[in-house]
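For ligands, and for the atoms within them, numbers begin at 1 and follow the listed sequence.
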Amino acid sequence: MTFKFTKKAAAITLIAGLSAYNHAQAQETPKPPKMVPEMTEFWEPEVRVVTPGTGAAAPSDAIVLFDGKNLSQWKAKSDGSEAKWQVKDNAFTVGKGDISTKKDFGDFQLHIEWSAPDEVKGTSQGRGNSGIFLQDRYELQVLDSYDNRTYANGQAGSIYKQHRPLVNVTRKPTDWNVYDVIYTAPRFKEDGTVFTPARVTVLQNGVVVQNNVEIKGPTEYIGLPEYKAHGKAPITLQDHGNPVSYRNIWIREL
Ligand code: MG
């Protein structure tokens, strides 16, 4: 009898070969162990304990930048001399140039409270204007935006001229506004170009006004933002010529 190598025989031979190969593979590859709950539970390192503050008080691991007493954590931005803003009644008030923290920061959580001047004076950008410059470059606007129309990306809670606040939740002058800021610093490549831009989330009086927005570069009064590489940098408060007050400032490095 002669064996004829037909197409059918070829197919049978191929299937048999593959089957043998798969069988061998199955025997060589160890099966993953059966999953049990403990396999996805991580115990180390243990999560650090932080004691929360009561109300808006600083949590135990915060750096207190102003506790109502003095400006020892701040300096004049222009020349690094003593910060000369007036401290009174557990708050301090804008005057005599911008001030910056003595310490530099990267990623952080910042709590800061501000109040527009008691006397309602001026309109638009001229009323209760100050600002919180994150890393000395990116302004979170402070403005008396209570019944005071201005350009949307320049009102309280805006990232100045980049992102309007989602809502206007500004309290009237003499009442205190609260900003809680979660900030991620930009990262730069070795050649100085941007690897990842800065991002920020802002709650004003407990309401989200900036939701993880991308900062496009330093906030400019005139012109478009353009990043320049930098490292850690201070928080700077703006003297815009209006007597805005600040109190209860603390920061947590992330
Ligand atoms: Mg301003």
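Between the OE2 atom of E139 and the OE1 atom of Q141, the angle taken at the Mg ion (ligand 1) works out to 80° after rounding to 10°.
With no hydrogens or angles considered, no side-chain donor-acceptor pair links R247 and N90 at under 3.5 Å. For the residue pair R127 / N242, no side-chain donor-acceptor distance below 3.5 Å is found, with atom types taken as modelled. Between the side chains of S145 and T170, no donor-acceptor pair of N or O atoms lies under 3.5 Å.
In this structure, the side chain of Q210 engages the main chain of G157 through a donor-acceptor pair within 3.5 Å.
Within the coordination shell of the Mg ion (ligand 1), defined by N, O or S atoms under 2.8 Å, Y160 is absent. Taking backbone and side chain together, Q238 holds an N, O or S atom under 2.8 Å from the Mg ion (ligand 1).
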